[in-house]
Structure formats: C-alpha cells, structure tokens
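To keep things clear, I will list the structure first and then write my remarks on it.
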Amino acid sequence: MRHTDYFKNFLDKTVNLSKFKLELLTERVDSIYGVLKDDEHLGPLIKKKIPQGSWPQRTIINPQNGKPFDADFVVQMVEDPDWADDLKKYGDAIYKVIHNMSPYKDMPHGRKCRCVYVTYANNAMHVDIVPFVVRADGTQWIINRDANMWERTDTDGFTSWMKEKDAIAGNHLREVIRIMKFLRDHKNSFTGTKSILLTTVLGMQVEAWRKVLEPGYYADLPTALLHIVSDLNKWLQANPTKPVIMDPSGSGTSFDHRWSQATYAYFRDRIHTHAAEIKAAYDEADFDESVKKWQSLFGDGFTAPSSSTSSGKYSTVGTGAGMAGAATVNLSGRAG
C-alpha cells in the first residue's frame, strides 16, 4: 500500500531539514561571504557567490544525531594568470581571511581538495567554500588543490537538468532523492556513495517516455519511489562493473571517480535489496502489514500524521509539497 499521508509526514517530520535550519544556513553563508568580500586584498578578486550541491537542489536532509548538516557555496573569483602554476593560491586566499578573522579563526576550519571549510559550534553545521572562475568563453572551473589542476563544472546546467527531471517525475524526484539519502545516512546503507552520484543515477532513471506507456508511473511519492528505485536496480544489475557517470549538465566532467569498484559493488547490492523491500511494502495489501514493512525500511519516523482526522487506512491525503528548501529562493548549483 502507498500510505501517501505517512510519506508526507515522514518527510516533514523526519527527513527534511527544517525551515529554521535553512534560514540559519542562509544567514551564515551570507555572513561568511560578507567577510570575504570586505577584505581589502581578497574583496576585489571576488565577483559573487552561488549556492551549490544539495542545498540549492532541495535535496538536503536532516543529519544523523551528533553530525552536522552541511552545505556548499562557490565563490566566483577573478582568474589570476600569476597563479596559473600554483592553483592552490585561490583556496589559500580564502583560507587566509577565514584563518585571521573573528569569529572564524576560533572555529574549526581548514582546507580540503576543492574547498575551504568552516565548522560551527557543537558540530551542528559545516560550510564548504569553493573557489571557481568563469572564463571569457563562459565555461566554469573549480580547482583540484591536490592535483593542482582545473576541473570543469556547470552549476546552472546541473540545476536545469534536475528541474527537468523533477518535472517529469511530477515533482517527486527530489523527494525520492531525500528519502534515499536518509537510507544512506540514517540507516547506514550504501555508505561510500557520494550525494552527487546518488542524485545523478536516480535522476538518470526518470524518463518522459515511461509516462506514455504508463501515465501514472510517477503519480505520487511512493509510486515514484517504487519505479525510480526499481529502474535504478535494473540498470545497476546490468552493469556489474563500475560504469562511467558523466555530469548531465554537459560539462564533460565524469563523476565515477568518486566510486571505487568496491563501493560501487556495495551500492549495487544494497539498491537490489532496497528495491525488493520497497516493492514488498508497496504491494502488501494488508494495511498494518504494509506499514510494518515500510517502517522496517525507514524506521519509527514513518507514521501517520498526528493531526489526521481519519483512521489513516482510508486517508486520501496526497504527498503535498513537503520539500526541504522551501525557504530558499531561486538558488542554483550542482548537487552535492
């Protein structure tokens, strides 16, 4: 059974990042950007900021207990020919300001391969700052600090692709992605698969022609979840060896280097198991048994809305628009 009202409650109360946390994230990113922009040396090199990853894609979820929720934003910088042989200077310039400016100098912070990070008190929030440049031909590039090389990206292109796929799926793709991220993070399933890979391979399964053959293919969240994960499982089972996963924006960048053959094989096995579990819960005709099967997969957070005026068994409540990210406006960026 579908239990669409249970799914909506599960997203709203358990999976989605709260409006308060989203607004707090926006405030803190604005504050960091303001400090960078106001620096007398770095400020003139900065043009603008663009949120990226799961935050603008509206696939960000509540973190596990004791772990931070995180978000990325890219900082467009002027390309400096003097730094061509030492690309880490872009990140170093941002790090220097963070390292020397209160309150960030007293907070955990540092440099990673493609970003500078800041971690907030009690490990509650983690922000990555990614330097990038836009060249004269309009192409966008981020820096791989470890390899001292440029990497092509297309934040707007990935966003457009996500919007198109989500529209085809009746605005349920983002919800499916959040639920699958919940399984990964809270149920410790398919660990080792980055969000950018999960988002891409789930989105790849959404096709308009499926609705021509079956108009209700993405009719509601549980139906979309069933079909998207089932289609992903079929694709994975047809590919025992780690496949090439290209950035669907057309940037020419591949994402599959974020998998090893071992982590890909583990993901493949876990999705095979989850596809069967989802189908069993969806096909179960007994109301209580179906709820138990969904709860076995998602945990105790999969419950009926407390405000429901019906018994739940005959509820006609739809999945609604319980999307994390409702508090953000027109954000663009690449999935994280």
Side-chain angles (χ1 to χ4, degrees), residues 10-36 49-75 91 94-95 97-132 142 145-146 155 174-175 177-199 258 263 298-301 322-328 331 333-336:
F10 178 52
L11 280 175
D12 290 345
K13 300 295 180 61
T14 303
V15 177
N16 293 348
L17 194 66
S18 70
K19 180 181 178 182
F20 169 77
K21 288 181 178 178
L22 284 165
E23 290 175 343
L24 181 61
L25 172 59
T26 299
E27 291 173 5
R28 286 178 169 173
V29 166
D30 287 345
S31 178
I32 291 172
Y33 181 73
V35 167
L36 299 177
K49 64 175 171 61
I50 305 174
Q52 78 161 3
S54 59
W55 176 26
Q57 294 299 336
R58 296 187 295 182
T59 59
I60 193 170
I61 66 169
N62 263 321
Q64 295 170 273
N65 290 336
K67 292 190 176 182
F69 69 92
D70 61 348
D72 305 352
F73 73 100
V74 295
V75 174
I94 292 174
Y95 175 81
V97 175
I98 296 295
H99 187 66
N100 292 306
M101 180 64 67
S102 293
Y104 307 111
K105 67 179 182 180
D106 299 318
M107 297 164 58
H109 61 277
R111 288 163 283 202
K112 294 190 290 187
C113 180
R114 298 171 181 84
C115 71
V116 175
Y117 69 87
V118 177
T119 302
Y120 286 78
N122 300 317
N123 203 32
M125 183 186 298
H126 178 99
V127 175
D128 289 339
I129 310 156
V130 183
F132 88 118
I142 60 175
R145 178 186 181 86
D146 296 341
T155 55
R174 286 186 172 102
E175 296 172 325
I177 292 170
R178 291 202 298 273
I179 285 174
M180 296 306 290
K181 288 174 72 173
F182 174 87
L183 277 180
R184 180 195 62 186
D185 297 348
H186 292 261
K187 305 294 284 187
N188 294 319
S189 188
F190 54 89
T191 53
T193 294
K194 298 289 188 181
S195 293
I196 183 65
L197 282 169
L198 181 61
T199 296
R258 298 169 188 257
T263 54
F298 298 131
D300 294 340
M323 286 189 171
T328 61
L331 299 177
R334 194 176 75 182

Discussion item. Quick one, Leu183 with Met180, criterion side chain to side chain contact (heavy atoms under 4.5 Å, CB included). Give me CA distance, side-chain angles, the key distance, then yes/no.
Written reply: CA-CA 5 Å; Leu183 277 180; Met180 296 306 290; 4.0 Å; yes
Worksheet item: Is the ring centre of Phe298 less than 6.0 Å from the ring centre of His186?
Response: no
Worksheet item: Between CZ of Arg114 and CZ of Phe132, what distance do you get to the nearest 0.5 Å?
Response: 15.5 Å
Worksheet item: Passes side chain to side chain contact (heavy atoms under 4.5 Å, CB included), Lys181 versus Ser54? Steps please.
Response: CA-CA 11 Å; Lys181 288 174 72 173; Ser54 59; 3.3 Å; yes
Practice prompt. Answer yes or no: is there a side-chain heavy-atom contact under 4.5 Å between Ser18 and Phe69?
Written response: no
Practice prompt. Measure up the Tyr95 and His109 rings against each other and bin them: parallel (under 30°), tilted (30 to 60°), perpendicular (over 60°).
Written response: tilted
Worksheet entry | Trace of the side chain to side chain contact (heavy atoms under 4.5 Å, CB included) decision for Phe182 with Asn62 | CA-CA 8 Å; Phe182 174 87; Asn62 263 321; over 6 Å; no
Worksheet item: How many angstroms lie between atom CG of Asp70 and atom OH of Tyr117, to the nearest 0.5 angstrom?
Response: 13.0 Å
Worksheet entry | Minimum-distance pair of heavy atoms, taken over all atoms of Lys49 and Val29 | CD-CG1, 4.1 Å
Worksheet item: Where do Ile196 and Arg258 land on the side chain to side chain contact (heavy atoms under 4.5 Å, CB included) test, with the steps shown first?
Response: CA-CA 9 Å; Ile196 183 65; Arg258 298 169 188 257; 3.5 Å; yes
Discussion item. Restricting to salt bridge (charged side-chain N to carboxylate O under 4.0 Å, His left out), what partner residues turn up for Arg184, sequence neighbours left out?
Written reply: none
Worksheet entry | Heavy-atom pair with the smallest gap, counting every atom of Thr263 and Gly192 | CB-O, 4.0 Å
Discussion item. Working to the nearest 0.5 angstrom, can you tell me the gap between Leu36 CG and Ile129 CD1?
Written reply: 5.5 Å
Fill in: Asn100, CG atom: more than 12 neighbouring heavy atoms under 6.0 Å
yes
Worksheet, complete the sentence: Looking only at heavy atoms, the pair that brings Val116 and Gly91 closest together is CG2-O, 3.4 Å
Item to complete: Measure the spacing between CH2 of Trp55 and OG1 of Thr26 and express it to the nearest 0.5 Å.
Response: 4.5 Å
Worksheet entry | Heavy-atom pair of closest approach, residues Lys105 and Ser102 | CE-OG, 3.1 Å
Discussion item. Could you work out, with salt bridge (charged side-chain N to carboxylate O under 4.0 Å, His left out) as the rule, every residue matching Asp128, not counting sequence neighbours?
Written reply: Lys112
Worksheet entry | Value rounded to 0.5 Å, distance of OG1 in Thr14 from CD1 in Ile61 | 11.0 Å
Item to complete: For residues Pro63 and Leu17, report the shortest heavy-atom separation together with the two atoms involved.
Response: CD-CD1, 4.3 Å
Discussion item. I'd like to check His126 versus Tyr120 (side-chain heavy atoms, cut-off strictly below 4.5 Å). Are they in contact?
Written reply: no
Worksheet item: Could you state the interatomic distance from CD1 (Ile60) to NZ (Lys21), rounded to the nearest 0.5 Å?
Response: 10.0 Å
Worksheet item: Is the closest side-chain heavy-atom distance between Cys115 and Val74 below 4.5 Å?
Response: no
